[in-house]
2 protein chains.
Amino acid sequence: MARHEKISISVIRRLPRYYRFLGDLSRNGVLRISSKELSARMGLTASQIRQDLNCFGGFGQQGYGYNVDALHAEIGSILGISKIFPAIIVGAGNIGRAIAMNIGFENMGFKLTGIFDSSPDVIGMEIRGISVIDVSQLETFCKAHKPKIAVITVPQQAAPDIVDRLIKLGIESFWNFSHFDIAFNYPGIVVENVHLGDSLMTLCYMTNNLSALAAHQPQKTEK
Amino acid sequence: MARHEKISISVIRRLPRYYRFLGDLSRNGVLRISSKELSARMGLTASQIRQDLNCFGGFGQQGYGYNVDALHAEIGSILGISKIFPAIIVGAGNIGRAIAMNIGFENMGFKLTGIFDSSPDVIGMEIRGISVIDVSQLETFCKAHKPKIAVITVPQQAAPDIVDRLIKLGIESFWNFSHFDIAFNYPGIVVENVHLGDSLMTLCYMTNNLSALAAHQPQKTEK
DNA sequence: TAGATTGTTAATCGATTAACAATC
DNA sequence: TAGATTGTTAATCGATTAACAATC
């Protein structure tokens, strides 16, 4: 699928945002869009959009632009969201439950198949039709159901052990909300460390330095 | 505080992570650390750590390294987390409630002063000792309490109107969890668009391209 | 066709890494 | 003092932007 062998992480991280904007455009009945107009809506340069897309293929047409639906589908296919991987959530506290309820796993390449916790208060609770299982059953469950991704929503001190067990069980992807940083240096493991606290602190810095940052992100348009 | 007038966003985004690692080190009784050892723990280069810190000042000592507690305090002060800004959450659904319960606002420069929703089912509900208020009271509340930051956890279609009203009320910072992108081009407004769905889709891409990405993040160490 | 807009190469800009003199 | 490690300048690398020929 990829034209160039090595796609940079910066490009990859922009793909879901393209996908989102194109989905919105499609829902609003927009049939075609030029890189110039998309760039104005997204706050990017048209050049960057064309560069990004051409990492994967020539999806546009000179003099016309891009077909919204076709490009939306292409990016979905690049992201690989049609191939559904089984997912589990470990930690059924507030964050774990909120994610279970709010994230459209089905539209993002995943299907939620299990939720785990260690507290008797939540074990057995039904979340989105899934019953919370005792975390001691993790090994049994994973051997039977072979989940590919785990959402980590346990407290910091519990995280290293859970991650270690899951890696032994063959989990390849981690979506980590715990305060613990999953290292990137395991071979064959991919990780998204979310760290909401870091995001809030970044906002704190920006709030404190508002004047220095004023009109920070330039809304460049071509020509 | 800043030595150089313009600190890049890449540097700023690494600060909370430094702060977190230094806090952990401090709690583990580590008194001093060299950029080399910190780089090994964090998966960065020692050079980058020294460059980053020297944007703000010379906090180390040749031949010794950095005093963990002093550096931790310095970064906290750079982030500005001691000056507490009043914060509100708009949207008391799963995500809003999870954030209210889990995020240590007090340790991150903020104090939660109000939670809003439009649904009669949640209005009046107590979350962390705060009673959920009808969102129609937003104007009255904000004029009285002058919050500085708003956490946006409403559905996508409600977001544009809420953001518009909050900007009129003088809110300067947005921590946005809605599916709607708050544009960066308002003058004097700072925004963190979190977009958990984008993060999950990025992980989907990485999971699908695991082999190509294998051992992606190099753990460089000096010398 | 003429006008528009892509795909792609080249130029620029910024961020990361390397090197090393300064100094604790 | 000798060894270690910083702060800082220079070199490298990568990502973004600009330009334009190709072409629909």
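Letters go in sequence order (proteins before strands), and every chain restarts at 1.
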**Any A/Arg50 side-chain N or O less than 4.0 Å from OP1/OP2 of C/dT6** = yes
**Request:** For A/Met201 and B/Leu79, work out which heavy atoms get closest and say how close.
**Result:** O-CD2, 3.8 Å
**Message:** So, applying salt bridge (Lys or Arg N to Asp or Glu O under 4.0 Å) with A/Asp198, which one of B/Arg20, B/Arg17, B/Arg13 is it?
**Reply:** B/Arg20
**Message:** Tell me whether the side-chain N/O atoms of B/Arg14 come closer than 4.0 Å to OP1 or OP2 in C/dT16.
**Reply:** yes
**Prompt:** Hey, is the side chain of B/Ser35 poking within less than 4.0 Å of OP1 or OP2 on D/dT6, counting only N and O atoms?
**Reply:** yes
**Asked** Are OP1 or OP2 of D/dT16 and a side-chain N or O of A/Thr45 less than 4.0 angstrom apart?
**Response** no
**Message:** So, taking the atom named OG in A/Ser82 and the one named CG in A/Asn107, what distance separates them when rounded to the nearest 0.5 Å?
**Reply:** 12.0 Å
**Message:** Heavy atoms from C-beta onward define the side chain here; which of D/dA19, C/dT16, D/dT16 lies closest to that of B/Ser10?
**Reply:** C/dT16
**Asked** Will you find, in the side chains of A/Asp181 and A/His195, an N or O donor that is under 3.5 Å from an N or O acceptor?
**Response** yes
**Request:** Give a yes/no on whether any side-chain N or O of A/Tyr66 is located under 4.0 angstrom from OP1 or OP2 of C/dA4.
**Result:** no
**Complete:** Between the CD1 atom in A/Ile49 and the OG atom in A/Ser34, the distance rounded to the nearest 0.5 Å is 8.5 Å
**Request:** Go through C/dT8, C/dT6, D/dT5 for me and flag the one nearest to the A/Gln51 side chain.
**Result:** C/dT8
**Fill in**
What one should report as the nearest heavy-atom pair of A/Ser39 and A/Thr45 is CB-C, 3.5 Å
**Request:** Determine the minimum heavy-atom distance between A/Gly80 and B/Cys204, stating which atoms define it.
**Result:** O-SG, 3.4 Å
Can you give me the N/O atom pairs linking the protein to nucleotides 22-24 of chain C at distances under 3.5 Å, or say none if there are none?
residue: C/dC24; atom: O3'; partner: B/Gln61; partner atom: NE2; Å: 2.6
residue: C/dC24; atom: O2; partner: B/Gln62; partner atom: O; Å: 3.2

**Prompt:** Quick one: are A/Phe177 and B/Asn102 in side-chain contact, heavy atoms under 4.5 Å?
**Reply:** no
**Request:** Please state how far atom CZ in B/Arg32 lies from atom C1' in D/dT6, giving the value in whole angstrom units.
**Result:** 12 Å
**Range-with-range stems for DNA chain C, at least three Watson-Crick or G-U pairs under 3.5 Å** = C:3-24 with D:3-24
**Message:** Quick check on DNA chain D: between B/Ser34 and A/Ser8, whose nearest nucleotide comes earlier from the 5' end?
**Reply:** B/Ser34
